[in-house]
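Read the structure below first, then the notes.
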Amino acid sequence: MIKTSSCIFSFFLLICFLAVVAFGGTFDQEFDVTWGYGRVKILENGQLLTLSLDRSSGSGFKSKQQYMFAKIDMKIKLVPGNSAGTATTYYLSSVGSAHDEIDFEFLGNVSGEPYTLHTNVYAQGKGDREQQFHLWFDPTKDFHTYSILWNPRNIIFLVDGTPIRQYKNLEATNGIPYPKNQPMWLYSSLWNAEEWATRGGLVRTDWSKAPFIASYRNFNAQTSKNPTANSWLTQSLDNVGLTRMKWVQKNYMIYNYCTDTKRFPQGFPHECTLN
Ligand SMILES: *[C@@H]1O[C@H](CO)[C@@H](O)[C@H](O)[C@H]1NC(C)=O
């Protein structure tokens with residue numbers, strides 16, 4: 001009798017736990033506003049968050065939780081219209097001088113011209129691993145899912161489930177630093193980067209179009225605290241994933257540090273020769 005009821009009890013606990021894990025909390029439960037206070041709005045009972053940027057300030061938020069490996073998904077709708085000079089960031093980062101960081105950054109453009117999706121990986125304070133992409137859709141028309149899979153084997157950047165970049169853990173085999181010892185927080189911000197963002201700063205922000213607004217929905221984090229459904233913790237790219245990533249890189253990649261001979265005349269960083 002006691003056994004049955006405690007089993008039923010733990011069964012409901014598990015269902016409850018899975019529900020929390022699968023749907024994530026509301027934006028006010030999951031994040032703190034860190035910057036530009038009145039410019040961060042949480043709407044629709046915590047299901048929608050908007051960031052805004054005007055001439056005097058941008059805005060941003062940070063996760064309450066820290067993550068030690070995670071699969072993070074967020075739906076984002078970027079600043080529409082003339083978004084030149086704006087930068088929307090979405091990244092994981094630890095703190096301290098030798099910090100780790102996994103970056104998505106969306107650089108705006110004049111109306112009708114493509115956004116640039118900028119990515120980077122920092123390990124123990126060192127980044128310089130930029131790859132940039134255009135997208136195969138207009139990221140300002142609808143919400144699209146941008147995901148970071150960070151596990152002990154690799155980091156995978158995904159757009160609507162399509163992998164666009166993989167950074168492998170080659171630390172044990174090749175001594176290349178890999179983020180694996182420092183917990184990270186999730187950050188996002190919308191700020192003015194007109195000095196460099198659009199065509200290297202040639203196109204400036206049109207402040208008559210302010211405020212600029214980026215919107216967020218459906219945040220979900222799978223963490224290693226969750227003892228069930230943690231297949232993401234060992235996930236890597238299978239052949240289908242590799243083929244799709246190659247398709248993106250062939251058709252939409254506009255910059256890759258691993259092929260920038262001007263920047264690395266003495267030879268590419270070690271990981272470039274191994275991937
Ligand atoms: C803006 O549009 C130009 C022209 O299509 C393109 O070369 C550039 O990559 C786009 N993005 C940024 C951020 O400048």
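We count ligands from 1, going down the list as the structure has it; atoms in each ligand are counted the same way.
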Task: Sequence neighbours excluded, every pair satisfying side-chain hydrogen bond (donor to acceptor under 3.5 Å, both in side chains) that has a member inside residues 110-123 - done: S83-Y115, H118-Q132, T119-R165
Task: ILVMFWY clustering at 4.5 Å (side-chain atoms), partners of F143 - done: L43, L48
- [ ] Look at the side-chain heavy atoms of Ile, Leu, Val, Met, Phe, Trp and Tyr, link any pair under 4.5 Å apart, and say whether V203 and L53 land in one connected group.
- [x] no
Open item on the list: At less than 4.0 angstrom from any atom of ligand 1, which residues have a non-hydrogen atom? List them by chain and residue number.
Closed with: L107, G108, N109, E113, P114, T116, H134, A197, T198, R199
- [ ] For side-chain contact (heavy atoms from CB on, under 4.5 Å), just list the numbers for L51 and S188, CA-CA rounded to whole Å, side-chain angles, deciding distance to a tenth of an Å, and then say yes or no.
- [x] CA-CA 9 Å; L51 289 184; S188 186; 4.2 Å; yes
Open item on the list: Could you walk me through whether Y187 and Y91 satisfy the ring pair (Phe, Tyr, Trp, His ring centres under 6.0 Å) test, starting with their C-alpha distance in whole Å, then the side-chain angles of each, then the deciding distance to 0.1 Å, before giving a yes or no?
Closed with: CA-CA 5 Å; Y187 297 82; Y91 61 103; 5.2 Å; yes
- [ ] Identify, with sequence neighbours excluded, every residue that meets side chain to side chain donor-acceptor pair (under 3.5 Å) alongside K246.
- [x] none
